[in-house]
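The basis for the numbers below is simple: all heavy atoms, side chains too, and nothing from hydrogens, waters or symmetry mates.
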Amino acid sequence: MQVTVDHLGAVQFEIKTRGHRIASDQPVEAGGFDEGMTPPELMLASLGSCAAYYAAQYLRKKRLAKEGTTVAVSADKVKDPETHLTRLDNFSIDIKSPIPLSPEHESGMREAVHHCLIHNTLLQPPKIDIQIA
């Protein structure tokens with residue numbers, strides 16, 4: 001799996017993979033043009049779309065619904081008092097099913113969402129290697 005990120009100027013970037021392109025930018029008050037999501041918003045979008053995929057797959061597999069699932073993801077920006085590094089914490093995934101769910105199906109959907117690759121990656125700190133050419 002790989003994406004390429006090209007700096008377009010100012011604080012704008014183009015993210016490319018498999019023939020797809022999306023923009024990343026900053027809000028105007030942060031020196032950007034607000035023409036794309038910020039990197040933290042893209043991270044929340046990644047987690048949300050992954051969770052939505054598994055939730056919708058569960059509903060489809062159980063023949064409960066074919067569409068209409070909505071997922072909202074939020075997180076807090078926090079600063080570590082020791083390192084003074086800012087990061088995201090306290091993630092919350094809010095799944096709205098298009099139909100009422102029994103406790104059994106609610107539990108099943110929760111279990112299905114726990115299979116999300118992004119969710120599981122965030123639960124275990126990944127190894128990150130930085131190379132500069």
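- A disulfide bond (SG atoms under 2.5 Å apart) check over residues 4-107, counting only residues at least two apart or in different chains, returns the pairs Cys50-Cys116.
- A salt bridge (charged side-chain N to carboxylate O under 4.0 Å, His left out) check over residues 80-93, counting only residues at least two apart or in different chains, returns the pairs Arg87-Asp89.
- Taking CG from Leu101 and CD1 from Ile99, the interatomic distance works out to 5.5 Å, rounded to the nearest 0.5 Å.
- Ser107 places no side-chain N or O within donor-acceptor distance of the main-chain N or O of Glu104, the cut-off being under 3.5 Å.
- Using a 4.5 Å heavy-atom cutoff, the side chains of Ile93 and Val71 are in contact.
- Ser24 places no side-chain N or O within donor-acceptor distance of the main-chain N or O of Thr38, the cut-off being under 3.5 Å.
- By the 4.5 Å heavy-atom criterion applied to side chains, Ser74 and Leu44 are not counted as neighbours.
- Sorted by first and then second residue, the salt bridge (charged side-chain N to carboxylate O under 4.0 Å, His left out) pairs involving residues 4-23 (not counting sequence neighbours) are Asp6-Lys16, Glu14-Arg21.
- Proximity of Leu122 to Met43: side-chain heavy atoms (C-beta onward) are separated by under 4.5 Å at one or more points.
- Ala10 and His7 make their closest contact through O-NE2, 2.8 Å (heavy atoms, listed as atom of the first residue, atom of the second, distance).
- Residue pairs satisfying the ring pair (Phe, Tyr, Trp, His ring centres under 6.0 Å) criterion with at least one member in residues 48-92, sequence neighbours excluded, are listed as follows: Tyr58-His105.
- Contact check for Lys127 versus Asp129: no side-chain heavy atoms found under the 4.5 Å cut-off.
- Counting only heavy atoms from C-beta outward, the side chains of Lys96 and Asp94 approach each other to under 4.5 Å.
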Begin from the C-alpha positions of Val113 and His119 and carry the test side chain to side chain contact (heavy atoms under 4.5 Å, CB included) through to its verdict. CA-CA 8 Å; Val113 171; His119 172 264; 5.7 Å; no
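- Heavy atoms only, all atoms of each residue included: Gln26 and Pro39 are closest at NE2-CD, 3.5 Å.
- The side-chain heavy atoms of Lys77 and Thr86, taken from C-beta on, include a pair separated by under 4.5 Å.
- To the nearest 0.5 Å, the span separating CE on Met109 from OG on Ser102 amounts to 10.5 Å.
- Counting only residues at least two apart or in different chains, salt bridge (charged side-chain N to carboxylate O under 4.0 Å, His left out) contacts with residues 25-50 are absent.
- Interatomic distance, Ile95 CD1 to Arg110 CZ, rounded to the nearest 0.5 Å: 7.5 Å.
- The other residues sharing a hydrophobic cluster with Ile22 are Val3, Val5, Phe13, Ile15, Met37, Leu42, where clustering joins ILVMFWY side chains under 4.5 Å apart.
- Two residues are said to be in side-chain contact when any heavy atoms from C-beta on lie closer than 4.5 Å; Ser97 and Thr69 fail this criterion.
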